[in-house]
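Following: one structure in structure tokens, then a few remarks.
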Amino acid sequence: AKDIEELCNKELDALFLCVTNTPIAISIAEKLLVLLTSKTLIIDITTHNQNGSKDMDKIFAKKKIRLRKTKKCVYFKIN
């Protein structure tokens, strides 16, 4: 997808969110809020600041969008 709008037009069942910090995640969450329905599950693997996860919960709760957070995630690449 070229942008958030195009991505969200695909009637997603789930969306992984992984960005560099809480302010960016919150900015994206606010954009996603108007584009997604409560049918979408968001899996947030962003490393948040002290209140970041709570702030994300509050944003997505406005539309009853399900949010799952991870505390630890391991990334690896298979060639």
Side-chain angles (χ1 to χ4, degrees):
K2 296 177 189 170
D3 53 38
I4 291 175
E5 291 83 7
E6 182 180 337
L7 179 70
C8 293
N9 282 335
K10 299 192 182 293
E11 299 181 21
L12 303 174
D13 293 322
L15 174 79
F16 276 87
L17 179 63
C18 179
V19 295
T20 55
N21 58 51
T22 298
I24 293 171
I26 288 174
S27 172
I28 292 170
E30 289 169 344
K31 292 174 185 173
L32 289 171
L33 186 65
V34 299
L35 299 170
L36 297 176
T37 69
S38 62
K39 295 178 182 179
T40 307
L41 167 65
I42 296 180
I43 302 166
D44 183 10
I45 58 175
T46 301
T47 302
H48 285 289
N49 65 24
Q50 185 176 6
N51 295 316
S53 292
K54 292 178 187 176
D55 293 340
M56 295 290 282
D57 280 334
K58 289 177 188 174
I59 291 168
F60 290 116
K62 294 174 187 175
K63 269 181 88 173
K64 298 181 181 174
I65 295 175
R66 297 169 296 151
L67 173 66
R68 299 291 178 261
K69 298 171 286 293
T70 59
K71 293 185 182 206
K72 196 177 227 182
C73 196
V74 177
Y75 303 90
F76 61 94
K77 181 179 179 182
I78 299 173
N79 291 323

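Keep in mind it's a predicted model, so treat the numbers as computed, not measured.
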Is there a path of hydrophobic side-chain contacts, each under 4.5 Å between heavy atoms, that joins [X] and [Y]?
| X | Y | result |
| --- | --- | --- |
| Phe16 | Ile24 | no |
| Leu7 | Ile42 | yes |
| Ile43 | Leu35 | no |
| Leu12 | Val19 | yes |
| Leu67 | Ile4 | yes |

Can you see which heavy atom on [X] is nearest to which on [Y], and at what distance?
| X | Y | result |
| --- | --- | --- |
| Leu32 | Leu15 | CD1-CD2, 3.6 Å |
| Thr37 | Ile65 | O-CG1, 3.6 Å |
| Thr46 | Cys18 | OG1-CA, 3.7 Å |
| Arg66 | Asp13 | NH2-O, 4.3 Å |
| Leu36 | Cys8 | CD2-SG, 3.6 Å |

Can you measure from OG1 (Thr22) to NZ (Lys54) and round to the nearest 0.5 angstrom?
-> 12.5 Å

Straight-line distance of Phe60 CZ to Asp55 CG, nearest 0.5 Å | 11.5 Å

Given Val34, Leu33, Ile26, Ile28, the one that forms side-chain contact (heavy atoms from CB on, under 4.5 Å) with Glu30 | Ile26

side-chain contact (heavy atoms from CB on, under 4.5 Å) between Leu17 and Met56: does it pass, once the steps are laid out?
-> CA-CA 11 Å; Leu17 179 63; Met56 295 290 282; 3.5 Å; yes

For Lys64 and Ser38, indicate whether the former's side chain and the latter's backbone hold a donor-acceptor pair under 3.5 Å.
-> no

Asn49 side chain to Gly52 main-chain N or O, any donor-acceptor pair under 3.5 Å?
-> yes

Check whether more than 12 heavy atoms from other residues, nucleotides or ligands sit under 6.0 Å from atom NZ of Lys63, and answer yes or no.
-> yes

Does atom CD of Gln50 have more than 12 heavy-atom neighbours from other groups under 6.0 Å away?
-> no

Taking side chain as C-beta onward, heavy atoms only, is Lys69 less than 4.5 Å from Asp57?
-> yes

Side-chain H-bond candidate by donor/acceptor type, His48 with Ser53, under 3.5 Å = no

